[in-house]
Each structure stands twice: as structure tokens, then as C-alpha cells.
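In listed order, ligands and their atoms are each counted from 1. Note that the numbering runs from 1 along the sequence shown for the chain.
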Amino acid sequence: MKCSICNNKAVYEAKYSGSFLCKKHFIEFVEKRVKREIREQMALRGREITISVGISGGKDSSVTLYLLNKILSERRNVKIKAFTVDEGIEGYRSTGIEKAEKLCKALNIEHETISFKENYGYTMDRIMKIDKKTISCSHCGPMRRQLMNKISLYDSADYVVLGINQDDYAQSILMNVVKGDISRYIRMAPHDYIREGLVPRILPLRKIPEKEVVLYAILNNIDYDSSWCPYYNMAQRNTFRDIVDKLENETPGSKYAIIKFFDETRKPLKDYYKNDDIKLNKCKTCGAPTPENVCEVCRDIGELKKIEAKL
Ligand SMILES: [Zn+2]
Ligand SMILES: [Zn+2]
């Protein structure tokens, strides 16, 4: 097939818009949407800005860092840093860190690592040996989010940027809808407001379908780690992945429409549920921001210690 714009050989068919794109026009098409998201999600004018990018070494975060660097490198007031959270998963995380470091070096971006072991005293491997009942992501998610915030605060970052693609994002929106969790729906990233102690999370790829992220990485020779976490077990998310994919197959553009609906409903909902837990406390144990008195990570570690003592 030929590119709908220039007649060169097409490398991609965007079913949702009915167009075919050559390499050049595909890359432009991705970058145009990411530029718009960057513009809409962050205020980058008139002051020194530090952006902290969470990079796992996987396709989404690698493409995010590559694009952010490409789009923002000419702005002198913007400094980009990158970090990787090391959960302590033997044989998996080390490959990701290697790819992350390699990319940062190629782009001349400062990279650091922050680990579960140093901050919590446990690796994920150890946690999985202690607690055989809970799914890994219930421990890992809150810990990872907390460390991302911690390192971003430490770096005095104005924003923390994550590689979440359109598929992930549409699934998360629907998950919150199906759970009836309006509070979480309102608080989803991208954040356009500041909650004390929390660095706003930004998602430049949230409108780029997963397969376009993969193709973009390939066309730009971005080397990424494609392995899956050995503990990955998110039965619930897989259900939503299937539903969203089915909707997209039957009606191309559904993923985009879910996000559009979210964008248009979030603001009025936020206004209606005024100051919905905007205020946060400091965890009595570790000082991290939390709506409770003790944060969910400290509570989780307390539970793990109890189970461990019985082993
Ligand atoms: Zn073209
Ligand atoms: Zn805590």
C-alpha cells in the first residue's frame, strides 16, 4: 500500500483514521500527538524545569524518554533526568536496567537507580517467598509509585513522566469506571494540580496505541527490553485488555474515544466533588504523603514482617 500523504511505500495502516503512512509520515504522526500532549500536560515556559522520567528499559518508557529528549532538547530551561526502580527481581530487572542505562548514555541523560532493597529492606524476590497469597503487583505497585515520587522529590523535579500507552490508559479508565471508583478516576494522571508532597505524573504517550509505540521504537532503532516480569499476574487487567481490544477491533477508534470521554468528564466531576481528598498527611513511619496516618507501603511491610516472623 502507498502512503496516503506522499505515495511512498506505507509501513503502517491507522485503521481508526483509514490512512496509510510511510516511515517519515508515521514518525511525524506519532510526534505530533506527543508534542500536543506535552504542551497540554506541562507548563514549560518561563522558568527552570526539571523533568524526571521513569524508565524500566521496556518499549513504552524507552520511547517516552527518546521522544521527550527529541522534542524538548532545544529548550534551555528544561532539564531531563531519568531513573529506574530496581524491584529486586533476579534475571529480569538487570536486563531492563542495562537497556535503560544504554539509552540514557546515548541520549546524554543522567540516570540513577533506586531500589526496593535499600529503601524497604526487601527485594520482590524475597517478598514473593514470604507472602505466597497476595499477587505480586499489590506489593510492587505502591512501593514502585512511592519510590518514583521519592526520587523525583529528591531531584526537585517539577514533573515525573511515565510511559503509559493508549491501550494501558484506556484499560485503566474502564477499570475505574467498572469499580465505580470516582475518586481514583478523578485522581488519575496526568495531574494538572499539586497535592502536597506528590510530584505531578505526566503521560505523554497516553494517546499513542501500543502497536504504534512498538513500531516507533523499531523505526528509530530504540533497543528495548521486551521480557515480561516473571511475577506478572494481573488477571483483572487482562480482562480489560481483552474488552478494550475487542471494542477497538469492532469499532476502530474506541480506545481514543474512551480517553476523550475521560478528558471531557473529569473536569466537571472534579468540580462537583470539590477538594476530594486533595489534602494529604505525612506517614507517621516514613514521612511519605498518604491520605491515612500510615502509608500503604509501611502497612504492607508491617504485614510482611509479621508473616516472616512466623516462617
Ligand atoms: Zn508519506
Ligand atoms: Zn510510610
Handout entry: Y185 and F262 aromatic centres sub-6.0 Å
Key = yes
Completion exercise
Partner of P190 under side chain to side chain contact (heavy atoms under 4.5 Å, CB included), picked from R201, Q41, M42, E40, is Q41
Practice task
Would you check if there is a donor-acceptor pair between the side chains of R299 and T285 at a distance under 3.5 Å?
Solution key: no
Problem - No-hydrogen, no-angle side-chain donor-acceptor test under 3.5 Å, Y122 and E87 - result: no
Exercise for the section: Sort by chain and number the protein N/O/S atoms found under 2.8 Å from the Zn ion (ligand 2). Expected result: C283 SG, C286 SG, C295 SG, C298 SG
Practice task
Sequence neighbours left out, what passes side chain to side chain donor-acceptor pair (under 3.5 Å) with T84? Give chain and number order.
Solution key: H111
Problem - Single-linkage hydrophobic cluster V177~I243, side-chain heavy atoms < 4.5 angstrom - result: yes
Handout entry: the Zn ion (ligand 1) to H25: nearest N/O/S atom name
Key = ND1
